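Working notes, structure below.
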Amino acid sequence: MSALEKQSILIVDDEANNRTVLMEMFKNHYKVILAKSGEMALELAQKHAPDLILLDVLMAGMSGYETLEQLKAKDVTREIPVVFITALDGSVDEEKGLLLGAVDYITKPFHPAIVRARVKNHLRWVRQKQLLERFAMFDPLTELPNRRRLDRLLAADYEPGKKISIAMIDIDFFKKINDVHGHSFGDRVLQLVSDVFRETIAASGGQIARYGGEEFVAWLPESSREMAEQICERIRATVQSLEIDHLTGVIRVTVSIGGATSMIDENGKLPSNIVDRADQAVYEAKSRGRNCVVWDVI
Ligand SMILES: [Mg+2]
């Protein structure tokens with residue numbers, strides 16, 4: 001999410017006319033996604049994670065209220081603010097919509113300028129919240145997700161039965177690097193190896209977080225043990241080949257990597273011991289002489 005990126009709005013209405021009117025109002029300033037039913041809205045909201053949803057209440061099939069309840073039931077869509085736009089103008093309807101968690105309730109016929117202003121206000125909030133989350137969830141030195149973000153990933157819901165691999169990566173003799181070459185050099189090492197991690201893991205569809213100090217955790221969804229090991233081996237080899245300039249000459253660093261592969265359980269959760277298993281494996285990698293990859297020794 002960059003500050004310049006256009007924000008996106010998902011417009012949900014079962015009448016084509018209404019969709020067109022709303023789209024015309026917003027298409028110049030925002031990325032607009034259209035859905036003609038609640039079912040379609042759920043699918044598109046999961047796929048695109050829009051910044052705001054404008055939701056009709058009375059629709060053929062799933063109602064707007066039901067759609068909102070479903071959005072609130074899923075991790076990926078729960079936080080997306082929803083604004084009802086509806087012909088139901090009773091205060092009971094409005095109360096119901098707001099109690100279900102909508103951030104606003106606009107009745108038809110509406111005044112376009114007012115709707116635009118309200119949407120703009122909500123989206124300003126969304127942007128501020130996203131920026132704050134970014135600060136709270138990212139490590140400023142390496143710009144990688146931090147421990148807090150990782151804990152969220154670990155606790156989230158996943159598709160039962162899918163494979164997941166977790167790898168713990170530890171920079172070898174990092175304390176010594178800091179002591180001998182200084183902390184600013186140590187910081188540079190952290191940044192350079194983080195770049196290697198980020199590039200290698202992004203290419204595989206995974207994520208990497210700074211766990212703390214010189215420890216990192218890689219997150220490799222839907223990867224078999226063999227694939228995950230290969231990715232980690234690539235990381236290990238690339239880090240070893242880095243030539244890092246220092247006043248005293250070129251410095252090389254290495255990493256030890258321990259990984260574990262498991263299956264998402266029937267409740268959509270990660271096995272609770274998977275990080276500990278990766279931790280055990282990295283411990284084993286250290287005792288085997290470092291600069292190596294060890295997988296699931298338990
Ligand atoms: Mg309708």
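Just so you know, these numbers come straight off a predicted model, no measurement behind them. Just so you know, these numbers use all the heavy atoms, side chains as well, and skip hydrogens, waters and symmetry mates. Just follow the structure's listing: the first ligand is 1, and inside any ligand the first atom is 1.
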Checklist line | Closest approach to the Mg ion (ligand 1) by Asp56, given as the N, O or S atom name | finding: OD2

Checklist line | Apex the Mg ion (ligand 1); atoms Leu58 O and Asp14 OD1; angle rounded to 10 degrees | finding: 100°

Item checked: Val57 side chain reached by Asp93 side chain, heavy atoms, under 4.5 Å -> no

Note to self: I want to know whether Trp219 and Tyr158 have ring centres closer than 6.0 Å.
What the structure shows: yes

Checklist line | Glu15 near the Mg ion (ligand 1) via N/O/S, less than 2.8 Å | finding: no

Next item on the list: Please report the closest heavy-atom contact between Thr67 and Ala41, naming both atoms and the distance.
Entry: CG2-CB, 4.2 Å

Checklist line | Electrostatic pair Glu133:Arg149 at N-O distance under 4.0 angstrom | finding: no

